[in-house]
Amino acid sequence: MAASFFSDFGLMWYLEELKKEEFRKFKEHLKQMTLHLELKQIPWTEVKKASREELANLLIKHYEEQQAWNITLRIFQKMDRKDLCMKVMRERTGYTQTYQAHAKRKFSRLWSSKSVTEIHLYFQEEVKQEECEHLDHLFAPKETGKQPRTVIIQGPQGIGKTTLLMKLLMAWSDNKIFRDRFLYTFYFCCRELRELPATSLADLISREWPDPAAPVTEIVSQPERLLFVIDSFEELKDGLNEPDSALCDDVMEKRPVQVLLSSLLTKKMLPEASLLVAVQPVCPKELRDRVAISEIYEPRGFNESDRLVYFCCFFKDPKRAMEAFSLVRESEQLFSICQIPLLCWILCTSLKQEMQKGKDVTLTCQSTTSVYSCFIFNLFTPEGAEGPTAQSQRQLKALCSLAAEGMWTDTFEFREDDLRRNGVVEADIPALLGTKVLLKYGERESSYVFLHACIQEFCAALFYLLKSHLDHPHPAVRSVQELLVANFEKTRRAHWIFLGCFLTGLLNKQEQQKLDAFFGFQLSQEIKQQLHQCLKSLGEHSDPLGQVDSLAIFYCLFEMQDPAFVKQAVNLLQKADFHIIDNADLVVSAYCLKYCSSLRKLSFSVQNVFKKEDEHSSTSDYRLVCWHHICSVLTTSGHLTELQVQDSTLSESTFVTWCNQLRHPSCRLQRLGINNVSFSGPSGQLFEVLFYQPDLKYLSFTLTKLSRDDVRSLCDALNYPAGNVKELALVDCFLSPIDCEVLACLLTNNKKLTYLNVSCNDLDAGLPLLCEALCNPDTVLVYLMLAYCHLGEQCCEYISEMLLHNKSVRYLDLGANVLKDEGLKTLCEALKRPDCRLDSLWLEECGLTSACCKDLASVLTSSKTLQQLNLTLNALDYAGVVVLCEALRHPECALQVLGLRKTDFDEETQALLMAEEERNPNLTITDDCDTVTRVEI
């Protein structure tokens, strides 16, 4: 047995199999045996108090590893724990080594077949020490014990997920990782398994075993020492949509593959086993919903240093390598795709091909589309020839037809009948495999995939430049118009990453020339007209649910590199909503928005772009120019009335640029949301905007932290005579009771503010000041939101006093404050008074019980103004509801909306509420009472 087996953790596995009393006896046997063998003694005080893990450490520390094992084994024999002795003996000489040898052969062979490009120059088969340590760490227990772990590896295709899994499996087969953690690691690829008939986990394990007689019972007897590696989870049909009742726990039971894997992932089957799941970024939500995830790991691909090294390895000639790298570095889009090793290879190949032909490589670096078009057209042009042959034209057209079918049918693995249907004859297959655009997939016969999903997307886009969808043999392939609409939806198909960009990129003048040279014709003008019509249609129809992805539109327009068309296209849009998460997003958004003059609504976020450490770099200067183009929309788009900046971090320079545009006379905003935004720089500049914006009616700082000075400056600005803000939202802004003094002054002095939302702030001690200010008969506030403000029942006295003196407040939200029945009793006394004008009261989740229903009933029968009352998420019972229903029948009751969630009650109470609703046609009983509450933009 390898000496490394006897690590403290490996030994701990066996000590943890002992019950408490057995573990105590083990220690006594250890004391006697070491004396009998005349070995160096471990201090008994240390042994006596040691945990299992600590005792394993002591054994390894005081004895040679082989000796530590011999002692442990002899003690197990004395304790008559033959099961433990057998497990270890099998581990030492039996199945594990057999399976490891088989796994090493299998994954070495798979690795070799996978290395179809020069990427293997960089990704060596040998696993580096730091990689071993990282892979080992993924499954190191975070606490003492054998807790199973489920680790998710997520990232785009080509980033290196499968490469990482193969390295892991080869490292395990070489005893470099998981030596004392896992006896077996089984690799399941969902793409290969998804079409299997009903099978069992035992059958899946047997498929991985070197001979038909897999010792399944022995393998699963220690589930805590099993690791299941699940690759390409997104290929699993129906994912994790199986209901719990459909799952199984029997490894011998035959079920559909998705049921078996779902049972493993949800811990219904072998809950002690660990799992490693590789998935593209599109699937983690359903994994998070149903799987207890220990860790999510995202392979980084190539960093900037890796990319430079790879260019040097690829080009060999340092001068050419630096020329190519410098060109690529200037393009955020191209430099970004180089993070994915396989796409880096495609880019380098395209540049090298153009260099060898003596062509201008700057044209190759104009756009992502130009890289792929060079790559594909060069592969299908015979070496030394001026142009393609008729055969290579036909083969590429057939490949494009196949790609289009795959994009619309969510297919990435093709059979020979798929190829034949799209015009690929058997004689074409060797030539296509020779280009490496098409590859044989895995170990299955007659199964093919494109080199990368991006290649399939490019070929699918190219199809539309060559043929009408009506000429395609598969009915699933739809029109250009439908493709564009689907591509611009936020809920578009997850695998449509570059499809729309390639389609519009092929409309570029340079790309049209390439198409003419290769095919002699194209349909670019027709497609350009359809793109214009699609954008016009999107601009004419409102998008209340935010289903249009503005960034997807921007990327497509950017790829065209046609300023005249872009200017025309962006001015067809009236609303833009997008999220900037990297430099490429920033560049693309800026390119399109600088031409924009027709927007009415703009909403965006900026993350991970403006970093303090990059403030004075050259790239920062370029980013600042892009940012200026984005902010310039505030002054160039004369129709822009609504702006929301959310979930953003702004540096000082970007903050100042933004404020300057907000203060510009040409900026005529009516609604401004600054939600969850952190910024560096003088915050006063932001509040000064109110001096320059007489049209501004709504202002929100939701989730944006405001200091005491910020609140004071804001309120001073709101009191500026020329200001016209009527609605103010300061939700979750870290306000304190001290801030209530300034807010009280605002309420007293401001004669325009009718809406104030200060929910989700700790204002309990400051509430008296607000209520005192609102007792002033000259206040104009109508809507007051105080939900989640940590108010207690004593606050009801101040609120009651305010309601009796205030003539303007009509809507009051006290939700999620612990008012309790006693506090509500005080409030109800005020609500019953004829001089109380309130018409809407929110008491959601206020710690109320049925004891308060009598007081509420007296309000309902006496108030002439109360029309809406929300009581959801309070502990009311049938008796309390009966009291309320009797009050609702009173002829003086003015209530129109009662907030109660029927599903919170038993069947008898639900029937009572439904009967009451049927009896009174003017009454609605609902758990959705948000008919008046303003939603922060």
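Along the sequence shown, residues carry numbers from 1.
Inter-residue side-chain proximity for Tyr720 and Val725 is flagged as unmet; no heavy-atom pair is nearer than 4.5 Å. With a 4.5 Å cut-off on side-chain heavy atoms, His790 and Asp762 count as touching. Between Leu643 and Ile674, every side-chain heavy-atom pair lies at or beyond the 4.5 Å cut-off. Counting heavy atoms from C-beta on, the side chains of Leu884 and Leu871 come closer than 4.5 Å. Contact annotation: the side chain of Arg600 never approaches that of Leu640 to less than 4.5 Å [non-hydrogen atoms, C-beta and beyond]. You'll find the side chain of Gln481 reaches within 4.5 Å of the side chain of Gln533, heavy atoms only. The shortest side-chain heavy-atom distance between Gln661 and Cys667 does not fall under the 4.5 Å cut-off. With a 4.5 Å cut-off on side-chain heavy atoms, Leu743 and Leu769 do not count as touching.
For Lys267, the NZ atom sits in a packed shell: over 12 heavy atoms of surrounding residues, nucleotides or ligands are nearer than 6.0 Å. Atom CD of Glu797 sits in a sparse spot, with 12 or fewer heavy atoms from other residues, nucleotides or ligands closer than 6.0 Å. Within 6.0 Å of NZ in Lys807 there are more than 12 heavy atoms belonging to other residues, nucleotides or ligands. No more than 12 heavy-atom neighbours from other residues, nucleotides or ligands sit within 6.0 angstrom of NZ on Lys705. For Glu772, the CD atom counts as loosely surrounded, since its 6.0 Å shell holds 12 or fewer non-hydrogen atoms of other residues, nucleotides or ligands. Arg712 CZ: 12 or fewer foreign heavy atoms inside a 6.0 Å radius. Around the NZ atom of Lys726, the shell of radius 6.0 Å holds no more than 12 heavy atoms that belong to other residues, nucleotides or ligands.
Proximity of a side-chain donor or acceptor of Ser598 to a complementary backbone N or O of Leu573 within less than 3.5 Å is detected. Within the 3.5 Å criterion, the main-chain N or O of Ser262 finds a donor-acceptor partner in the side chain of Thr266. Side-chain N or O atoms of Asn724 include one that pairs as donor or acceptor with a backbone N or O of Ala722 at under 3.5 Å. Although no hydrogens or angles enter the test, the distance criterion places a donor-acceptor pair under 3.5 Å between the side chain of Thr861 and the main chain of Ser858. Formation of a donor-acceptor pair under 3.5 Å by the Glu727 side chain with backbone atoms of Leu699 is not found in this model. No donor-acceptor pair under 3.5 Å is formed between the side chain of Thr150 and the backbone N or O of Ile293. Under a 3.5 Å cut-off, the side chain of Asn757 and the backbone N or O of Ala729 do not form any donor-acceptor pair. Not one N or O on the side chain of Ser863 forms a donor-acceptor pair closer than 3.5 Å with the backbone of Val859. A side-chain donor-acceptor contact under 3.5 Å links Asn874 to the backbone of Cys846. Remark: side-chain polar atoms of Asn761 are not paired, donor with acceptor, to backbone N or O of Cys789 under 3.5 angstrom.
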Pair Leu784, Met802 - check side-chain contact (heavy atoms from CB on, under 4.5 Å), show working. CA-CA 12 Å; Leu784 178 60; Met802 180 269 291; 4.3 Å; yes
Go through the steps for Asp710 and Ser683 under the test side-chain hydrogen bond (donor to acceptor under 3.5 Å, both in side chains), then give the verdict. CA-CA 7 Å; Asp710 290 337; Ser683 56; 2.5 Å; yes
For side-chain contact (heavy atoms from CB on, under 4.5 Å), just list the numbers for Asn806 and Asn776, CA-CA rounded to whole Å, side-chain angles, deciding distance to a tenth of an Å, and then say yes or no. CA-CA 7 Å; Asn806 185 283; Asn776 188 320; over 6 Å; no
Go through the steps for Thr826 and Leu824 under the test side-chain contact (heavy atoms from CB on, under 4.5 Å), then give the verdict. CA-CA 5 Å; Thr826 302; Leu824 185 63; over 6 Å; no
Might you work through the side-chain hydrogen bond (donor to acceptor under 3.5 Å, both in side chains) test for Thr924 and Thr926, ending with a clear yes or no? CA-CA 6 Å; Thr924 300; Thr926 176; over 6 Å; no
Under the side-chain contact (heavy atoms from CB on, under 4.5 Å) rule, what do Lys902 and Met914 come out as? Steps first, then yes or no, please. CA-CA 9 Å; Lys902 297 186 184 79; Met914 287 187 285; 4.0 Å; yes
Intermediate values then yes/no, side-chain hydrogen bond (donor to acceptor under 3.5 Å, both in side chains), Ser713 and Asp716: CA-CA 5 Å; Ser713 298; Asp716 288 345; 5.6 Å; no
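In this structure, Phe578 and Phe554 have perpendicular ring planes: the angle between them is above 60°, well past the 30° mark.
In this view, Phe679 and Phe655 satisfy the ring pair (Phe, Tyr, Trp, His ring centres under 6.0 Å) rule, not counting sequence neighbours.
For Arg290 against Leu247, the heavy-atom pair with the smallest separation is NH2-CD1, 3.9 Å. Closest non-hydrogen pair, Gly766 versus Pro737, comes out as N-CB, 3.5 Å. Shown here for Gln910 and Phe905, the closest heavy-atom pair between the two residues is NE2-O, 2.9 Å. Annotation for Ser648 and Val606: closest pair OG-N, 2.8 Å, computed over non-hydrogen atoms. Leu753 approaches Val780 most closely through the heavy-atom pair O-CG2, 3.3 Å. In this structure, Ala552 and Phe488 approach most closely via the heavy-atom pair O-CE2, 4.0 Å.
Rounding to the nearest 0.5 angstrom, the gap separating the CG atom in Leu747 from the OG atom in Ser808 is 9.5 Å. Taken to the nearest 0.5 Å, the OG atom of Ser736 stands 11.0 Å off from the CG atom of Leu706. Atoms OG and NE2, from Ser550 and His579 in turn, are 9.5 Å apart once rounded to the nearest 0.5 Å. Expressed to the nearest 0.5 Å, how far CG of Asp732 lies from OG1 of Thr702 amounts to 8.5 Å. A distance of 4.0 Å separates SG of Cys771 from CG of Leu767, quoted to the nearest 0.5 Å. Atom-to-atom distance recorded for Phe701:CZ and Leu735:CG is 11.0 Å, nearest 0.5 angstrom.
Between the side chains of Asp647 and Asn676, at least one donor N or O lies within less than 3.5 Å of an accepting N or O. With no hydrogens or angles considered, a side-chain donor-acceptor pair links Ser840 and Gln868 at under 3.5 Å. Inspection of the Thr704 and Asn675 side chains reveals no N or O donor paired with an N or O acceptor under 3.5 Å. Thr872 and Asn870 are linked by a side-chain donor-acceptor pair at a separation below 3.5 angstrom, with hydrogens and angles left out of the test.
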Distance-only donor-acceptor hits, side chain of residues 886-894, under 3.5 Å, sequence neighbours excluded:
residue: Arg889; atom: NE; partner: Glu916; partner atom: OE1; Å: 2.9
residue: Arg889; atom: NH2; partner: Glu916; partner atom: OE1; Å: 3.1
residue: His890; atom: ND1; partner: Glu892; partner atom: N; Å: 3.0

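Residue pairs satisfying the salt bridge (charged side-chain N to carboxylate O under 4.0 Å, His left out) criterion with at least one member in residues 830-854, sequence neighbours excluded, are listed as follows: Glu829-Lys832, Arg833-Asp835.
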